[in-house]
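Here's the structure we're looking at; comments come further down.
Residue numbers run from 1 in the order of the sequence given. This is a predicted model, so every value here is computed, not measured.
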Amino acid sequence: MRTMHLPSAPRVSVVVPLYQKGLYLARALESIFQQTIEDLEVIVVDDGSTDDGPKVLREIKDARLVVHRQDRQGVSVARNRGVSLARAPWVAFLDADDEWLPVFLESTLRIAETCPGVSAVFSNLWDHAARRALLSRVDRHGPLVRDYFATLVTNDGIGMSSSSVVVSKAHLIACGAFANHVRHYEDMDLWARLAWTGEVGFCEESLGIYHSEASYSASTFPCAPTETLA
């Protein structure tokens, strides 16, 4: 594990789970380092990659990068490990084959830090292959979602995404984080628990870009042992 500690806790920690996506990793990391907010740390959890991902990481000299390497345990364990290492009160997630627009963190944190009781804030997400936004309509009162579960119904089961959300670390840990035993849609399970226990904010703009060209899905893993966050 390579750790370069900053003198004080950052404003936000960005967790990137990595497995066999070395071809796209530099794009994802560049989109993080180009954010208009610079007070951040980037935690890449390499979940046993055997491709060029580790080489890409070795070539990055930015002191805000933290790399944790582990044997293959699945994306939920990887994300939970990243959360346990996070030093900021807010945690954002980005899959290694996706990317953000430069104002993603600035826009989501503006809501997160000014709305008491918010457990998560998410933005719309641009589907690169389909050339459209993933969410068609989200009913809001100001920046807050009126009914997250109604949003899922309206958008064919789509709501928060693991590449377009910022969450309260305290709320995330309190509701159990990512369920390591869930084989599919493990992130949707967590978003539902966060929405059930706190307010959820939304940015209508598509501030993230979802790419589906990677041949291996981040969530494809049979089952992982349970891990408790520190």
Side-chain angles (χ1 to χ4, degrees), residues 3 6 8-17 37 39-45 47 66 68 70 73-95 104-105 107-123 125 138 140-152 157-203 208 218-219 221 223-230:
T3 306
L6 300 177
S8 60
R11 186 176 174 188
V12 59
S13 300
V14 182
V15 173
V16 180
I37 287 178
D39 185 12
L40 56 83
E41 66 178 353
V42 183
I43 303 169
V44 177
V45 180
D47 196 38
V66 175
H68 174 82
Q70 62 187 33
Q73 298 179 66
V75 67
S76 289
V77 174
R79 289 185 181 129
N80 284 341
R81 175 60 67 189
V83 172
S84 73
L85 297 172
R87 297 183 298 126
W90 297 99
V91 181
F93 298 94
L94 181 65
D95 287 347
F104 171 78
L105 287 177
S107 300
T108 51
L109 284 174
R110 184 183 301 118
I111 297 173
E113 294 173 340
T114 58
C115 295
V118 162
S119 62
V121 179
F122 67 111
S123 80
L125 193 63
V138 176
R140 292 174 294 160
H141 177 67
L144 300 180
V145 178
R146 290 186 187 275
D147 185 333
Y148 180 73
F149 299 97
T151 295
L152 295 179
I158 301 174
M160 285 185 266
S161 162
S162 57
S163 286
S164 63
V165 66
V166 172
V167 306
S168 160
K169 180 178 177 180
H171 275 87
L172 187 151
I173 293 175
C175 73
F178 291 94
N180 296 325
H181 62 281
V182 176
R183 299 190 178 201
H184 303 289
Y185 307 112
E186 75 296 324
D187 51 347
M188 294 178 65
D189 170 75
L190 173 59
W191 312 144
R193 282 182 276 124
L194 283 171
W196 187 258
T197 57
E199 299 279 6
V200 173
F202 178 65
C203 295
S219 61
F221 192 76
C223 195
T226 301
E227 173 184 307
T228 302
L229 293 181

Can you see which heavy atom on [X] is nearest to which on [Y], and at what distance?
| X | Y | result |
| --- | --- | --- |
| Val14 | Leu105 | CG2-CD1, 4.2 Å |
| Asp95 | Ser162 | OD2-OG, 3.2 Å |
| Pro143 | Cys115 | CG-SG, 3.8 Å |
| Val12 | Ala92 | CG2-N, 4.2 Å |
| Ala177 | Asn80 | CB-OD1, 3.2 Å |
| Leu194 | Cys175 | CD2-SG, 3.7 Å |

Could you please spell out the steps behind the side chain to side chain contact (heavy atoms under 4.5 Å, CB included) verdict for Ser161 and Asp187? CA-CA 7 Å; Ser161 162; Asp187 51 347; 5.7 Å; no
On the 0 to 90° scale, with breaks at 30° and 60°, tag the Phe149-Trp196 ring pair as parallel, tilted or perpendicular.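 Phe149 and Trp196: perpendicular rings.
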Just say parallel, tilted or perpendicular for the rings of Phe93 and Phe178, cut-offs at 30° and 60°. perpendicular
Return the [atom1] to [atom2] distance between [X] and [Y], rounded to the nearest 0.5 Å.
| X | Y | atom1 | atom2 | result |
| --- | --- | --- | --- | --- |
| Thr108 | Phe202 | OG1 | CZ | 12.0 Å |
| Leu85 | Glu41 | CG | CD | 8.5 Å |
| Arg81 | Gln73 | CZ | CD | 7.5 Å |
| Ser84 | Ile43 | OG | CD1 | 8.0 Å |
| Leu125 | Ser163 | CG | OG | 6.5 Å |
| Leu109 | Arg11 | CG | CZ | 5.0 Å |

Short side-chain to backbone donor-acceptor contact, [X] and [Y], under 3.5 Å:
| X | Y | result |
| --- | --- | --- |
| Arg87 | Ser8 | yes |
| Tyr148 | Met160 | yes |
| Arg140 | Val145 | no |

I'd like to check [X] versus [Y] (side-chain heavy atoms, cut-off strictly below 4.5 Å). Are they in contact?
| X | Y | value |
| --- | --- | --- |
| Phe104 | Ser164 | yes |
| Trp90 | Ser13 | no |
| Val167 | Ser119 | no |

Is any NZ, NE, NH1 or NH2 atom of the basic residue among Asp47 and Arg79 found under 4.0 Å from an Asp or Glu carboxylate oxygen of the other?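 Salt bridge flag = no for Arg79 with Asp47.
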Partner set under side-chain hydrogen bond (donor to acceptor under 3.5 Å, both in side chains) for Asp189, not counting sequence neighbours: Arg193
